Number of protein chains: 2
Amino acid sequence: MGLDHGQWNEQEHEIVHRIRKRVIEVVGRNMELYGVTLSTGHLYGLLFFADKPMTLDEMGREMQMSKTSMSTGVRTLLDLKMVNKVWEKGSRKDLYEVEYDWYQTFTDYFANEWRSAVESNLQVLRRAVKEIERLLGSEDTSEFARGVLERDLEKIRQAEKYYRWLDRLIDAMEDGEIFDLVPREP
Amino acid sequence: MGLDHGQWNEQEHEIVHRIRKRVIEVVGRNMELYGVTLSTGHLYGLLFFADKPMTLDEMGREMQMSKTSMSTGVRTLLDLKMVNKVWEKGSRKDLYEVEYDWYQTFTDYFANEWRSAVESNLQVLRRAVKEIERLLGSEDTSEFARGVLERDLEKIRQAEKYYRWLDRLIDAMEDGEIFDLVPREP
DNA sequence: AACTTTGTACAGTTTTTACTGTACGTACTT
DNA sequence: AAGTACGTACAGTAAAAACTGTACAAAGTT
């Protein structure tokens, strides 16, 4: 697990390895909530315990997986801002380490993933509202169609309200207001 | 799309169908954030516009999919509390309709999915902390191992803090406190 | 009690996703 | 300029997930 075997005995190494493995396992598993693969979650766990930034080759060795997989895994985590690329002079390999500010990770996740979902939804909903309103205003629309359209419109309006709320919630996460309501531990 | 063709002309039906389809498409797509399949997302969209609770057979007909798929899809949505089972006397089929309170849906999602993730993580982390503390207290642990263990312990403690925060955030969602910070629209 | 209808378990198939190995472009070294 | 090391694009393969059809248990009807 990337630990120097020279300076301690095999038994101690085993114990640390076992503890880490269990933590990595559960952290990795629950990362599926962020929509990442189990193995990408494990990669994250590996980086979490690494005492220094790691290269793709090192990750591949530890994970017993191809460098290609490490490359794609790391990129996923970069997109989620869960790991950072680190520069170290002298090395021309790319180095990566986890973002240890998990509050930041959490709020970034919403700012990235949820925001774009909310925006695209709102856009489509607004367009649908417009179109329905146009139809309701038209002479040619039958009474029966009016009924259907009005019910749809009401539903869509409700959905819009919800998405606007979600948008504001994401704002509150992005600008840290959320920590007024639910404070961090010191 | 489950609409009675008798009472309006084909053209009107086409228009409504097109509008709904676009909304269903985007709602369904973004439901992948909740970890559900695209087709389950579409099923949700279908139910969203349905003017009455639907049976599995009706869903299958509309979605052009097997009843088995509808059964599993609906169950997924039930687990997420995104649809409700509805009773209607006279019918011995199960009927389902969407939960229109999307605020509720959102907070339930966190209360269900995220809560269990947080709890399992905390449990494992606490256990790891205990074990590390025991090792640090032992005479047999080498200096080098102490260094490693102390660094791990610090990381795990940070993680614990974060999860406790998340736990409180989920509390705030569950009991509606979140709406004090980010109010619903009237 | 025999017959229907309904929902789902299960096995098999198709589709999608994850993963690997090779091949190559870029950039640094000599 | 030739050589080397690095990351990733791409194509192929392995693994996983989604979906279907059949079969059957449970509950209702005749």
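All chains are named by letter (A, B, ...) in the order of the sequence lines, taking the proteins before the strands, and each is independently numbered beginning at 1. Because the structure is predicted, anything quoted here is derived from the model rather than measured.
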What integer distance in Å separates A:Lys93:NZ from C:dA27:P?
-> 18 Å
Could you tell me the separation between the CG atom of A:Asp94 and the P atom of D:dG7, rounded to a whole number of Å?
-> 5 Å
Atom CE of A:Met63 to atom P of C:dC19: distance rounded to whole Å?
-> 8 Å
Answer yes or no: does a side-chain N or O of B:Lys67 lie under 4.0 Å from OP1 or OP2 of C:dG7?
-> yes
Does B:Thr68 get its side chain close enough to the base of C:dG7, under 3.5 Å, for a donor-acceptor pair?
-> no
For atom CG of A:Leu38 and atom C1' of C:dA18, their distance in whole Å | 12 Å
Would you say the side chain of B:Ser71 and the base of C:dG7 hold a donor-acceptor pair, judged only by whether the two atoms sit under 3.5 Å apart?
-> no
For the pair A:Arg168 (side chain) and B:Pro183 (backbone), establish whether a donor and an acceptor sit closer than 3.5 Å, ignoring hydrogens and angles.
-> yes
Verify the ring-centre separation between A:Tyr34 and B:Trp114: is it less than 6.0 angstrom?
-> yes
Starting from P on D:dA5, measure out to CG on A:Leu56 and report it in whole angstrom.
-> 16 Å
Is B:Arg92 side chain donor-acceptor paired with the C:dT5 base, going by distance under 3.5 Å alone?
-> yes
Check the distance between D:dT20's P and B:Gln64's CD and give it to me in whole angstrom.
-> 10 Å
Shortest non-hydrogen contact from B:Ser142 toward A:Trp8 | OG-CB, 4.0 Å
B:Phe106 and ring pair (Phe, Tyr, Trp, His ring centres under 6.0 Å): which partner among B:Tyr109, B:Phe110, B:Trp102?
-> B:Phe110
How would you label the contact of B:Ser39 with the nucleic acid (heavy atoms, under 4.0 Å): base, sugar-phosphate, or nothing?
-> sugar-phosphate
Taking atom C1' of C:dA9 as reference, at what distance in whole Å does atom CE of B:Met70 sit?
-> 17 Å
Would you indicate what A:Thr37 reaches in the nucleic acid, counting non-hydrogen atoms under 4.0 angstrom: base, sugar-phosphate, or nothing?
-> sugar-phosphate
When we call it a touch if two heavy atoms are under 4.0 Å apart, what does B:Ser69 touch: a base, just sugar-phosphate, or nothing?
-> base
Round to the nearest Å and state the distance from A:Trp87 atom CH2 to C:dA27 atom P.
-> 11 Å
So, does B:Lys85 use its side chain to make a donor-acceptor pair with the main chain of B:Asp94 at under 3.5 Å?
-> no
